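Note that the structure is predicted; figures quoted are calculated from it, not measured. By convention in this document, chain letters (A, B, ...) are assigned in the order of the sequence lines, proteins followed by strands, and residues within each chain are numbered from 1.
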2 protein chains.
Amino acid sequence: MSQFDTKTRILDAGEHLFARDGFHNTSLRAITSLAKVNLAAVNYHFGSKEALLQAVIERRLLPLNQLRKKQIDAVLAAAAATGAAPSAKALLRAFIEPTLAFRSAGPGAQDFIALIGRSMSEPDETVRNCFIGLVLPNFRLFFESLQLALPQLPSAVLMARVQFTLGAMSHVMCTSHKPIINDPSAPKPLDDTTLIEQLLQFVTSGLEAPQ
Amino acid sequence: MSQFDTKTRILDAGEHLFARDGFHNTSLRAITSLAKVNLAAVNYHFGSKEALLQAVIERRLLPLNQLRKKQIDAVLAAAAATGAAPSAKALLRAFIEPTLAFRSAGPGAQDFIALIGRSMSEPDETVRNCFIGLVLPNFRLFFESLQLALPQLPSAVLMARVQFTLGAMSHVMCTSHKPIINDPSAPKPLDDTTLIEQLLQFVTSGLEAPQ
DNA sequence: GTCTATAGATTGATAGAC
DNA sequence: GTCTATCAATCTATAGAC
């Protein structure tokens, strides 16, 4: 029953509307109306609008982070077993694939991915911190692992290239099957699986580029 | 005198606050107070808050688009003169460099670049269209030129890779000298010139990657 | 836990004097 | 063109009945 209780319905509605309209452009009234619950229910169950956003993000990001960590650890362990350095592409896959593949988990998941894709460039600091605080440990592990894979790159250069990677990734996350620049003369977009492989190929080549 | 008149002061203040806090999180009162003009002046000179945003974007984006078009045309003309295809890197430079180098034009320009960098993933459609409508012709020219440079890529693949490029670019634009993920243990960021060269190297390698 | 009712603040926009 | 004053709508949050 939990998927039909008040708290979950609020989380689902918040996820959808925050993703579609942005945090500041979404009112509690719109959320409670979509969730078919009373206006006061948000403050009763979550305390405030901002705490609701935090709950929306945590619900899915905590498991996602665990999965990413597990996959990165697996790549590191496999490399350590052979004594070789981990491959950059395997690390990129461990970081990127769980995130983007998660979109297929359903329409709510798709909303969520768009929401956190946009959180990276969110102007409001309190909103951005809701997301960054949860991702930072994961990101540190990812960056340190990449240093093992690409030891020849100065760390400032590697960091810049990782930021380019995050940018490409978050841009894809924001666009749920529709390109940001929606030109009628544009070619038909790739399916999600192909898109992920293309992204991996793109950022691997970029990260491994000569200086 | 025009740089101290009411209209310009409103444009400057709007540019700064829209970039820093986002459109929906910026009030007309905040703008007129920063600009030291009367509250009613915005509606008198621009008609509405949204029309002000449009004016803020147009003021700098129209010249920037002209510059980008000129540089892309120059690359195409040079290639046509030798009978060879244009190089992907030269086209990328023509599209990216004017935008990012424009940050050095001053603090207002820096705000502006962050503002349009975020416009790509702006949730609100009316806000996003303020920006996309102005960029689309420029983008079409860019994409069609790249098809000449990389004729072996299916256009859907090229479009995906160009979207990755836009993502990396807009991410850099959003972060004015401070990385989105601001980790105290992170290396010191690169200076702007080096950053642009690194971005060009990254996206060129990504675009030219084998399939 | 859920509801109504409302407080208290802020918003974009405008009317009308000067 | 600039100002004051204000309208009407919206917002988050809460108090208190049930």
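- Within the 4.5 Å cutoff, the side chain of B/T165 has heavy atoms near those of the A/F202 side chain.
- If you take CZ of B/R9 and P of D/dG1, they are 13 Å apart, rounded to a whole angstrom.
- Panel note: side chain A/R68, backbone A/F139; no donor-acceptor pair is recorded below 3.5 Å.
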Dump every N/O contact between nucleotides 11-14 of chain C and the protein below 3.5 Å, one line per pair.
from	atom 1	to	atom 2	distance (Å)
C/dT11	OP1	B/S27	OG	3.4
C/dG12	OP1	B/T26	O	3.4
C/dG12	OP1	B/K49	NZ	2.9
C/dG12	OP2	B/L28	N	2.8
C/dG12	N7	B/R29	NH1	3.0
C/dG12	O6	B/R29	NH2	3.1
C/dA13	OP2	B/K49	N	3.0

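- In summary, B/E122 and A/R118 do not engage in a salt bridge, as defined by a charged side-chain N under 4.0 Å from a carboxylate O.
- At least one side-chain nitrogen or oxygen of B/T6 sits closer than 4.0 Å to the OP1 or OP2 atom of D/dT2.
- Rounded to a whole Å, the CD1 atom of A/I10 is 11 Å from the P atom of C/dG1.
- Distance alone, capped at 3.5 Å, places no donor-acceptor pair between the A/T204 side chain and the A/Q201 backbone.
- Ring geometry, A/F18 versus A/F23: the interplanar angle falls from 30° to 60°, so the pair is classed tilted.
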